[in-house]
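Okay, so here's the structure we're looking at.
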Amino acid sequence: PTRFFYANDTKNIFAYHDELIRTMPVENLQYVLIGPNDLAQDINAPDREKILKDWRTRPDLRTVYENPRYQIRQRLN
């Protein structure tokens, strides 16, 4: 959410993105598409890279497709 960005609230930015992944089953979502422009607008570069690294390496997600630009990860229930 933009409110966290404007408040420079890094802790809640990370918590929000973690919650997105953890609540995927509630929303009946199974896949995350990670691309080169994700989070580029609202999050500074170092924080963006930390979030994307988390998404790429989380044990509750498995990679089902990747190429040099994109990765698709599936939520393990």
Side-chain angles (χ1 to χ4, degrees):
T2 306
R3 68 184 179 274
F4 298 145
F5 170 74
Y6 285 121
N8 197 26
D9 187 347
T10 303
K11 179 181 175 186
N12 276 315
I13 289 171
F14 288 119
Y16 174 80
H17 287 91
D18 179 60
E19 183 74 6
L20 283 175
I21 302 299
R22 289 187 306 107
T23 60
M24 285 174 63
V26 174
E27 301 293 333
N28 201 27
L29 300 172
Q30 296 180 32
Y31 299 92
V32 176
L33 171 65
I34 303 169
N37 297 318
D38 288 333
L39 313 175
Q41 295 297 318
D42 292 336
I43 300 174
N44 65 50
D47 291 342
R48 174 183 180 271
E49 288 306 313
K50 287 178 188 174
I51 292 167
L52 292 176
K53 181 180 178 186
D54 176 63
W55 287 3
R56 289 183 184 111
T57 60
R58 290 179 69 105
D60 55 347
L61 298 173
R62 73 176 176 102
T63 302
V64 293
Y65 173 82
E66 86 182 289
N67 68 30
R69 293 177 47 95
Y70 294 96
Q71 186 177 55
I72 298 173
R73 305 210 69 215
Q74 182 180 24
R75 176 76 162 85
L76 304 172
N77 294 329

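If you're wondering where the values come from, they're calculated on a predicted model, not measured in any experiment.
Between Ile13 and Ile51 the shortest side-chain heavy-atom distance falls below 4.5 Å.
Annotation: ring-ring contact (aromatic ring centres under 6.0 Å, His included) contacts involving residues 57-77, sequence neighbours excluded, are absent. Within the structure, salt bridge (Lys or Arg N to Asp or Glu O under 4.0 Å) contacts touching residues 20-34 (residues at least two apart or in different chains) are Asp18-Arg22, Glu19-Arg22.
With Arg75 as the fixed residue, the side chain to side chain contact (heavy atoms under 4.5 Å, CB included) test singles out one of Arg58, Met24, Arg62: Met24.
Going from atom NZ of Lys50 over to atom OG1 of Thr10 covers 7.5 Å, rounded to the nearest 0.5 Å. Rounding to the nearest 0.5 Å places CG of Leu20 at 6.0 Å from CH2 of Trp55. Atom-to-atom distance recorded for His17:NE2 and Leu52:CG is 8.5 Å, nearest 0.5 angstrom.
A single hydrophobic cluster is seen to contain both Ile21 and Leu29, as judged by linkage of ILVMFWY side chains at heavy-atom distances under 4.5 Å, directly or through other members.
In this structure Arg73 satisfies the side chain to side chain donor-acceptor pair (under 3.5 Å) test together with Thr63, sequence neighbours excluded.
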